[in-house]
Number of protein chains: 2
Amino acid sequence: MGPTTKDLARAAGVSLATVDRVLNDRGGVSLKKAQAVAAAIEQIGFERNAAAAALARQRSLRLGFVIPKTGGAFLDKVLLSIQEYETLGRSEMTILSVIRIEDKDAHKAARSIANIDANDFDAIAVMATQSPPLRDALLRLAARGVHITSFLTKQELEGDVDFVGIDNRAAGATAGRLMGQFLGRQKGAVLPIAESLQSRDTLERRLGFDDVIGNKYPHIRPLPTLETYADPDRARKVISTALKARPDTSGIYLLTGEAAGPVSALRELNALHGNILIAHERTSVTEDALRVGELDAVISQDPGHLVRSAVRIMRARCEKRRTLASQERIRIEILVAENL
Amino acid sequence: MGPTTKDLARAAGVSLATVDRVLNDRGGVSLKKAQAVAAAIEQIGFERNAAAAALARQRSLRLGFVIPKTGGAFLDKVLLSIQEYETLGRSEMTILSVIRIEDKDAHKAARSIANIDANDFDAIAVMATQSPPLRDALLRLAARGVHITSFLTKQELEGDVDFVGIDNRAAGATAGRLMGQFLGRQKGAVLPIAESLQSRDTLERRLGFDDVIGNKYPHIRPLPTLETYADPDRARKVISTALKARPDTSGIYLLTGEAAGPVSALRELNALHGNILIAHERTSVTEDALRVGELDAVISQDPGHLVRSAVRIMRARCEKRRTLASQERIRIEILVAENL
DNA sequence: AAATTTTTGAGGTGCGCACCTCAAAAAGAT
DNA sequence: ATCTTTTTGAGGTGCGCACCTCAAAAATTT
């Protein structure tokens, strides 16, 4: 057993009450004594007994996931992971809940956030496209004591906000590397397809992709990104046009998390085989496509890992613990048919 | 808060003492009452409060990792992960320790296991090549109440032994897929290199590899596996001979976890560029080789993940909890330069 | 029916911490 | 020097469970 608060009090030359005040930020402690306690913590290597703290605190941590209302298969998987964790997390004194927000319009999103009662949550993980009104709403929540973590999409508030998610630029670069390797010496054009170019993730992925292709595989020519606007008809039309315009196309890169639309469009156009196809996010659609050989690789991030990481970070923030950063980096996974 | 033991006792119509006897296997409970408690657990959805249990139990779980004495960079990473977890796990009431065993000889290994005092451990995770004497030694430990988990190498004892590690056949298949894709339409031979063919892991990987190559990329010819016996000189010699014998070699597959030897041999032979090279396990050697483009891909399993998973499983066994199996499958990771 | 064994219940203790109250001490203000 | 404010300490309570003892009740044997 490590040293207890009692040992800490003795080592610091203060009472248990003062130790408690320092450990739990209750204020009303002179700088001198506070420093004495801090020094003693270092010296004797005190570590709060998590089990005892959880038991005594008795109050479950209320963690919220703020998630857009509209979203496809990947988001569903994230939601499922949250649910899974809920049943498991009950014994760990955490209550998870999901808050769906409007995401079409920055102001609506901000209003959804503003509607969150700061008393209901100890921390929230926010997935939402950045915007000034949203930022203000988040800052107000933060001011009322809710810890904010950005989830999948970066938020820039004051100070350092933890971020849970992959590095999209590196993800795009990974896709570029695979595309280059899969195409080999073969010359040709690569067609990137996205839902929209508005999203920051898409842009970052494209940047990473172009970077690798340009530097390592200069014989491959990346075409301008096609936008589907999440509309199957439009997808089929623009893809068809693009493929006709560039018959030398030999690779297709689906930048967007939602691969279902483009994949079925490509299937109808008979463009699935013969072309190297790389997509993002593991969903039932991409899994199946990998298995039958329509897709060659999928770049993905594990939703379960995302959720667990977010929960760990939020808990650490609430309990004023430091997190083991190395454990929290979300890996960029590469999936092929054999390692599903 | 979920229901407590008090609620459980009331629901089952028994006393707290009986509930305690059932929950902690103290015996001396009639079948009838035991079933009543079990039924009540289901009915009211009782879940032991892990924090309170850990606190009351007071006794840290003593978990052991049984690891071969000889081992390369990958094993070092595993050991490092165990150490990392140790500092972190102290607050979680677990004490990890590592037991190094002889591994050259099955009898020596068995004797090392036999030397383990069953009173010192609640559970151990064993990494050792299977053999009848080893099996006996493990069974004796199990009989004395130590929970056994197989770690990286499967152990077949009585009943079901948990296994922590990747599916080596699938790992080999993944390597085969990448090799096939990277080589593209290019015909040629692929040279698999291993330390020795004795190890089960190596065999399984080779099987998976051949399976994919044979079925999906029949124009590629896998050569017989080269054995280096972990000897750099021998490695250089056999590789050189093999490459001369088959000038059409265009891919090399390093089956073994230790890539350092073969990689430097290949470097001296100037066989690194021009050939597609795939290896196993992330180490500083494979990382560097990936970055500079000598290696094209690495198939790996995360040591940190391995250790955490093993600990979770051992704890669950000791505390008679069921584990969330989905969370415990170790992923087969694919690494390229961009997703390190 | 008596003696034995097995099963059950009542009750207590302590794990390490969070959170609370109240009084005493120290520091600062007037 | 008195009053006010801030800081400190002593002490208590309870979280849910593990683990213990002892006596009473029930089931089994003799």
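Numbered from 1 within each chain, the chains take letters A, B, ... in sequence-line order.
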Value in whole Å for how far the [atom2] atom of [N] lies from [atom1] of [X]:
X	N	atom1	atom2	answer
A:L61	C:dA18	CG	P	12 Å
A:N24	C:dC20	CG	P	10 Å
A:D20	C:dC17	CG	P	11 Å

Hey, are the side chains of [X] and [Y] touching, using non-hydrogen atoms and a 4.5 Å cut-off?
X	Y	answer
B:F46	B:D7	no
A:S97	A:R62	no
A:L306	A:L152	yes
A:F65	A:V78	no
B:I148	B:I124	yes

Problem - Intermediate values then yes/no, side-chain hydrogen bond (donor to acceptor under 3.5 Å, both in side chains), A:R48 and A:N24 - result: CA-CA 11 Å; A:R48 201 192 298 244; A:N24 299 302; 3.0 Å; yes
Practice task
Summarise protein proximity over nucleotides 4-11 of chain D in one line of letters, 5' to 3': B for base, S for sugar-phosphate only, - for none, counting protein heavy atoms closer than 4.0 Å.
Solution key: ---SBBB-
Handout entry: Nearest atoms (heavy-atom pairs only) where A:G45 meets A:P3
Key =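 Shortest heavy-atom separation between A:G45 and A:P3 comes out as O-CG, 3.8 Å.
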Practice task
Please name the residue in the list A:R331, A:E333, A:E281 that meets the side chain to side chain donor-acceptor pair (under 3.5 Å) test with A:Q301.
Solution key: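 Testing each of A:R331, A:E333, A:E281 against A:Q301, the sole residue satisfying side chain to side chain donor-acceptor pair (under 3.5 Å) is A:E281.
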Show the distances under 3.5 angstrom between N or O atoms of the protein and N or O atoms of nucleotides 13-16 of chain C.
residue, atom, partner, partner atom, Å
C:dC15, O3', B:Q58, OE1, 3.3
C:dC15, O3', B:Q58, NE2, 3.1
C:dC15, O2, B:L55, O, 3.4
C:dC15, O2, B:A56, N, 3.4
C:dG16, OP1, B:Q58, NE2, 3.0
C:dG16, N2, A:A52, O, 3.3

